[in-house]
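Presented below is the structure to which this report refers.
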Number of protein chains: 2
Amino acid sequence: MSEASGSRPGGRSARVRASVHRAVEDLVAEGVRTEDLTIPVIAARAGVHATTVYRRWGSVAELIASVAEHRFTGDVVVPDTGGLGADLERWATDVARDLADPDTIALMRASIGAGETASCACTADRRTQIAAILERETARGGAVPELDAVVDGLLAPIYYTALFEPAGRDDDGPAPGSRVRALVGKLLGKDQALRP
Amino acid sequence: MSEASGSRPGGRSARVRASVHRAVEDLVAEGVRTEDLTIPVIAARAGVHATTVYRRWGSVAELIASVAEHRFTGDVVVPDTGGLGADLERWATDVARDLADPDTIALMRASIGAGETASCACTADRRTQIAAILERETARGGAVPELDAVVDGLLAPIYYTALFEPAGRDDDGPAPGSRVRALVGKLLGKDQALRP
DNA sequence: ATACTAACGCAGCGATCTTTGCTGAACTCG
DNA sequence: CGAGTTCAGCAAAGATCGCTGCGTTAGTAT
């Protein structure tokens, strides 16, 4: 977690930023309503003066955007299994596992509510990861689908389910990963993994 | 727009509710930040006393949930063209057109930020609409995909794009509906509608 | 090692939000 | 047509939030 964006990277500034970020994550995870997530509350939890938060971030929305940017980047390592299908499956499984955490979903909810910038921060890294996977397969000499097609067929369902179906899918419990496998199969145009 | 959920359907109560709901929609559409969307502001816009809003809804989150529930139900009419593919295409096009409105997206963003209940209100009706389309095709004697498959292949991409890609897709401008057609084609496993 | 600068803590002010008890009007039922 | 209930308007008080100077501390550079 590189906390090194500022004129004074090392020392107190970084400590304060980390503390405030963690406070936001914790409060959101505890189910604090967005309207109750106020700067004095965050500052108190972080052990930092509210003035500092006002000066550095200005508003709760910007602060949440900052937290989302740091939280949703660099968590998932792009795998390299040697095949496109397996790469996508493993990657999507990691993403789905990440989004299965209620705390993560709560933060994403808050980010989406905070505005466009914070929303995009939740998925910006995903696109680049997919692009990397596709590029690798291209380097292997294989044919790859469009980037947008992967987003539609794989990323969108995972995010949609996490956001709008809190109960989850029934077929996701008994056989973990079966849904991801089916999505990848459908995406790549093969029916190999489609038999129920 | 049936504003008839309450102990006193007709009269002042309904008028106040409609007024407050419209005020919320307008303010959200005008780009008012969530943190500035406060109850006194809403009440002032609605021409209603703040006390009334406090007593009836309690918090902004509950109010937004209420608005979302009324806004995202009954807008799209389930079509009946005689074929499953055409039905899905037309229905999805309507949904996409609805979500292309920035005001609608702003309200959905606020709803997602308001919590789980409000979020689900954004898509609850969509599932039943898909189910109706599938049931109709079944009555015709045709084979239909799983409900969840339609959600994954059609609904999820539309919602994902609306939320996380505010700029929109490039291929959505020149040929409106082409993306929906491609999604439906992929979903039904036929390449008939895939030629650009 | 010392001077410099950026960032944090502190205290208090003004504005806004939220709540509460009461009064009056409007809708429904007998 | 009249009685009862529900609901909105009103005003005031308490609490909280967001913001602005100023002093102090902690990194950074010479």
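Quick caveat, the model's predicted, so the values are computed rather than measured. Order of the sequence lines fixes the chain letters, A, B, ..., with proteins taken first and strands second; residue numbering starts at 1 for each chain.
Within the 4.0 Å cut-off from OP1 or OP2 of C:dC8, not a single side-chain nitrogen or oxygen of A:H49 is found. Distances shown here put every side-chain N or O of B:Y54 at or beyond 4.0 Å from the OP1 or OP2 atom of C:dT19.
At the heavy-atom level, B:T51 lies under 4.0 Å from base atoms of the strands shown.
Judged by distance alone, with hydrogens and angles left aside, A:R55 brings a side-chain donor or acceptor within reach of the base of C:dG9, the pair sitting under 3.5 Å.
Applying the side-chain hydrogen bond (donor to acceptor under 3.5 Å, both in side chains) criterion to A:T123, with sequence neighbours excluded, gives no partner residue. Residues that satisfy the side-chain hydrogen bond (donor to acceptor under 3.5 Å, both in side chains) test with A:D87, not counting sequence neighbours, are A:T81, A:R140.
Atom-to-atom, CZ of B:R15 to C1' of C:dC27 comes out at 11 Å; the value is rounded to the nearest Å.
Annotation: proximity of residues 24-39 of chain B to DNA chain C (heavy atom, distance under 4.0 Å) is found for B:T38, B:I39, numbered in ascending order.
When side chains are defined from C-beta on, A:R22 does not count as touching A:R45, because their heavy atoms never get closer than 4.5 Å.
Between the CG atom in B:L99 and the CE atom in B:M108 there is a gap of 4.5 Å [rounded to 0.5 Å].
The pair A:D103-A:R71 does not count as a salt bridge, with every side-chain nitrogen at least 4.0 angstrom from each carboxylate oxygen.
Nearest-nucleotide positions on DNA chain C place A:V48 closer to the 5' end than the other of B:A50 and A:V48.
Two rings, from B:Y160 and A:Y160, have their centers 6.0 Å or more apart.
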